[in-house]
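Below, read A as the first sequence line, B as the second, and so on, with proteins coming before strands; counting in each chain starts at 1. Model, not experiment: these values are computed from the prediction.
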Amino acid sequence: MYLRAADKRAKSIARSLSDLAEQEASSRAEAEILAARRHKLDELRERGVDPFPYSFTDPEPEPIADVRAAYDELPAGEETDERRRIAGRLASRREQGGMAFLDLVDRSGRIQLQAKSDVLSQEQFSLISELVDLGDLLGIDGRVFVSQRGELTIQIEQVTLLAKALRPPPDKRHGLQDPETKYRRREVDLLSNEESRAVFIARSHIIAAFRRELNADGFLEVETPTLQTLYGGAAAEPFVTHHNALDRTLYLRIAPELYLKRCLVGGLERVYEIGKNFRNEGLSPKHQPEFTSIEWYEAYAEYHKAADRTEHLVRAAAEAAGYDYTAEGAIRFDLPWRRVTFVEVVEEATGIDLLAHLGYAVGDGQFEIVDANGDPTGELVDQDEFLRRAVKAKPKVAKEIDNLDQLTWPQLADELLGTFVEPALIQPTFILDHPVELSPLAKRHRTIDGLTERWEAYANGQEIANAFSELNDPDEQRRRFEAQTRYSEGGDAEAQPYDEAFVQALEQGMPPAGGVGVGIDRLVIMLTRSKTIRDVILFPALREN
RNA sequence: GCCCUCGUAGCUCAGUUGGUCAGAGCAGCGGACUUUUAAUCCGACGGUCCCCGGUUCGAGCCCGGGUGGGGGCACCA
């Protein structure tokens, strides 16, 4: 009787081949593969088997990992009378005449199945051997035993087709490898690569850890606009769009910061938001146009407290991801993070004291140059030129800096940090007290002129977090915005726009606060040991193909 | 935006100086096989060598352009 089925199959394949070849298949080989599965779909329906039933929940199947855990002590050859119900995708098949071994994969793991012709009805056995393909979704009721080779196995007593796969899965050994296809057809990557599934499971656990820890400390999760009438809270170029009914320009947010501070003004006191930000900039292994951040704001705290909380949260995230601190090159999020000031760390790396000019001030923003012996030369320059001279005195440093003569003091300070310090910051490090010009939303440093109470946290050579003692003096904030407006008029596309609604909110009275933003994607890259941001974002932005 | 690099069967990959170079494994198809796990064995099939143009007696291979991926620079998190 199987011969008759094979006969019918040959005819049916011939029939559907011509259809498929015209439609979607790009080659005869592909058309044959698709036609064979289409035929089996027809044959299933002819036999009265629903290839797409509604559910498999009575009773619920167990996660495969739970079944494995329950029997991990059984010795090879052990038989049991225990029944288990599982469900998943058929990943592999090893046939041996009247018997076959199959591998079933679900979200939690993989397990071996056994189908025997003398255990199953003829109908059920032929379903498995003739009409079920790799990639199909199956529900299994069966009996637990351990094979002679010691593999925990479910002997199938009842198989239920849960969904027919009409396209073949990738290579069963290598999975889907082509990076382009992995990103464009992530579902195929996920179903065929356990490592990819593991990354996104870890990502979910990382975000859940932030939520859990912040909620436990009395923080409220809030949602603020992603479509904003004015963008702010970071230095970046926005996406611009238009709302028809309101007939106005809207921007996709580049950061939630300003709205979250307005929540502080409103008395919510401890708030956080996890969500997407959008920046209209280039793509790279570290950049995507939409990315996920978490920002939290804590009233009555300042930036040292914010650093303590960041250490705690990131450590909790690492644990949630199952990060292995004993592995080669591990980043020790579990140890206290190094804390060093911007000025100290730049001097350590380059020998240049960013604040040296302060000792030679002669008033009116002028500073007197001294010679190599420290003797005054009488030459007066501004702060920018003073630092440029210091850099030029170190040729090894100067040759790494492009357009040295065009750079202002804060730009040059940032450049020195980025070039000589950041790449070497593998272990978690807080860099504290940034120049005020680089930090328009941070409070001035309580003791050092020209600096702010800000830190950026680095690990693996990348920035992972940014925080301030939040500026809450509305008049000072207004002056900072005005300075940004001047940079903007000077051609800086990323200078922050003046936000009067935000300043008025500060006039209402914002409590002193510490605020932190963490780039979730980059943290996930590190905690899952991924190579690029595309590997931790399910559906990354790509060119149209 | 600029520079470098890659694109071969549904999937994973070979392909030498330009001359049996249209190849293998997996998957699929037909068959054998009741403890395998990269199952094994036999058989037949399967190709827009990314696209367009050029050089050449001859191009998967060389050249030009395009396109998509990857890497780097710049900008940024």
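- Closest to the side chain of A/Gln177, out of B/U12, B/A74, B/G70, is B/U12.
- Comparing the same atom, P, in B/G18 and in B/A32 gives a spacing of 49 Å after rounding to whole Å.
- Taking every side-chain heavy atom of A/Lys172 into account, B/A38 is the closest of B/A38, B/U36, B/G28.
- Pairing of B/G25, defined by two Watson-Crick or G-U wobble distances under 3.5 Å, is identified with B/C11.
- Nearest-nucleotide mapping onto RNA chain B: of A/Val146 and A/Pro168, the residue sitting toward the 5' end is A/Pro168.
- Among the protein residues, A/Asp402 comes within range of no part of the nucleic acid, since none of its heavy atoms lies under 4.0 Å from any strand.
- Annotation: the span from A/Asn277 atom CG to A/Phe239 atom CZ amounts to 11.5 Å, rounded to 0.5 Å.
- In this structure, CD1 of A/Ile33 is placed 16 Å from P of B/C45, rounded to the nearest angstrom.
- Atom CG of A/Leu176 is separated from atom P of B/C26 by 20 Å (rounded to the nearest Å).
- The residue A/Glu290 sits apart from the nucleic acid: no heavy atom pair falls under 4.0 Å.
- Of the P atoms belonging to B/U36 and B/G43, the separation is 25 Å, rounded to the nearest Å.
- A/Lys182 is linked by a salt bridge (Lys or Arg N to Asp or Glu O under 4.0 Å) to A/Asp189, counting only residues two or more places apart in sequence or in another chain.
- Side chains of A/Glu73 and A/Tyr71: a donor-acceptor N/O pair is absent below 3.5 angstrom, by distance only.
- Proximity note for A/Ser117 (side chain, C-beta onward) versus B/U34, B/G70, B/U36: the nearest is B/U34.
- A/Arg543 comes within 4.0 angstrom of the backbone, heavy atoms only, and of no base.
- In this structure, of B/C26, B/C75, B/A27, it is B/A27 that holds the atom nearest to the side chain of A/Leu134.
- In the region residues 86-99 of chain A, proximity to RNA chain B at under 4.0 angstrom, judged on heavy atoms, holds for A/Ser92, A/Arg94, A/Glu95, A/Gln96, A/Gly97, A/Gly98, A/Met99.
- The side-chain hydrogen bond (donor to acceptor under 3.5 Å, both in side chains) check on A/Arg83 picks up A/Glu157, with sequence neighbours excluded.
- Atom pair A/Asp178:CG and B/U12:C1' shows a separation of 11 Å (rounding to whole Å applied).
- In this structure, A/Arg149 reaches the B/U37 phosphate: one of its side-chain N or O atoms is under 4.0 Å from OP1 or OP2.
- Applying the Watson-Crick and G-U wobble criteria (two distances, each under 3.5 Å), B/U20 pairs with nothing in any strand.
- Under 3.5 Å, the side chains of A/Arg186 and A/Ser196 contain no donor-acceptor pair of N or O atoms.
- Between A/Ile156 atom CD1 and B/U36 atom C1' there is a gap of 14 Å when expressed in whole angstrom units.
- Distance CD/A/Gln406 to CD/A/Gln411: 10.0 Å, rounded to 0.5 Å.
- Among the atoms of the strands shown, base atoms are found under 4.0 Å from some heavy atom of A/Phe145.
- Going from the C1' atom of B/C51 to that of B/G7 covers 11 Å, rounded to whole Å.
- Checked by distance alone, A/Asp133 brings no side-chain donor or acceptor within 3.5 Å of a matching partner on the base of B/G28.
- At whole-Å resolution of the value, CZ in A/Phe101 and C1' in B/C33 are 13 Å apart.
- A/Gln114 comes within 4.0 angstrom of a nucleotide base, judged by non-hydrogen atoms across all strands.
- The residue from A/Arg203, A/Lys286, A/Arg534 that alone fulfils the side chain to side chain donor-acceptor pair (under 3.5 Å) condition with A/Asp521 is A/Arg203.
- In this structure, A/Ile464 reaches neither bases nor backbone, as no heavy-atom distance under 4.0 Å exists between it and the strands shown.
- With hydrogens and angles left out, the side-chain atoms of A/Ser129 and A/Glu95 include no donor and acceptor closer than 3.5 Å.
- Here, B/A59 and B/C49 have their C1' atoms 11 Å apart, quoted to the whole Å.
- If you take CZ of A/Phe291 and C1' of B/C75, they are 13 Å apart, rounded to a whole angstrom.
- For B/U40, the paired nucleotide is B/A32, the pair qualifying as Watson-Crick or G-U wobble because both relevant distances are below 3.5 Å.
- In this structure, the side chains of A/Phe291 and A/Lys276 stay at 4.5 Å or more apart for every pair of heavy atoms.
- Among the protein residues, A/Glu151 comes within range of the nucleic acid bases, having at least one heavy atom under 4.0 Å from a base atom.
- Counted within 6.0 Å of CD on A/Glu223, heavy atoms from surrounding residues, nucleotides or ligands total 12 or fewer; the atom is thus considered open.
- Sequence order on RNA chain B of the closest nucleotides to A/Ala541 and A/Pro289 puts A/Ala541 first from the 5' end.
- Nucleotides B/U5 and B/G66, compared at atom P, are 15 Å apart to the nearest Å.
- Taking atom NZ of A/Lys286 as the reference point, atom P of B/G72 lies 8 Å away to the nearest angstrom.
- A/Pro169 comes within 4.0 angstrom of no nucleic acid atom, judged by non-hydrogen atoms across all strands.
- Using a 4.0 Å heavy-atom criterion, one finds that A/Gly175 contacts the sugar-phosphate atoms exclusively.
- The side chain of A/Lys40 places an N or O atom within less than 4.0 Å of a non-bridging phosphate oxygen (OP1 or OP2) of B/C29.
- B/A22 and B/G28 have their P atoms separated by 29 Å, with the value rounded to a whole Å.
- A straight line from CD of A/Glu180 to P of B/C6 spans 16 Å, rounded to a whole angstrom.
- Electrostatic pairing of A/Lys261 and A/Glu470 counts as a salt bridge here, judged by a charged N lying under 4.0 Å from a carboxylate O.
- The separation of B/C2 from B/G25, taken at their P atoms, amounts to 44 Å, rounded to a whole angstrom.
- Across the P atoms, B/C6 and B/U16 are found 13 Å apart, a figure rounded to whole Å.
- Counting any heavy atom pair closer than 4.0 Å across all strands shown, A/Arg534 reaches sugar-phosphate atoms only and no base atom.
- Base pairing annotation: B/C62 forms a Watson-Crick or G-U wobble pair with B/G54, both donor-acceptor distances under 3.5 Å.
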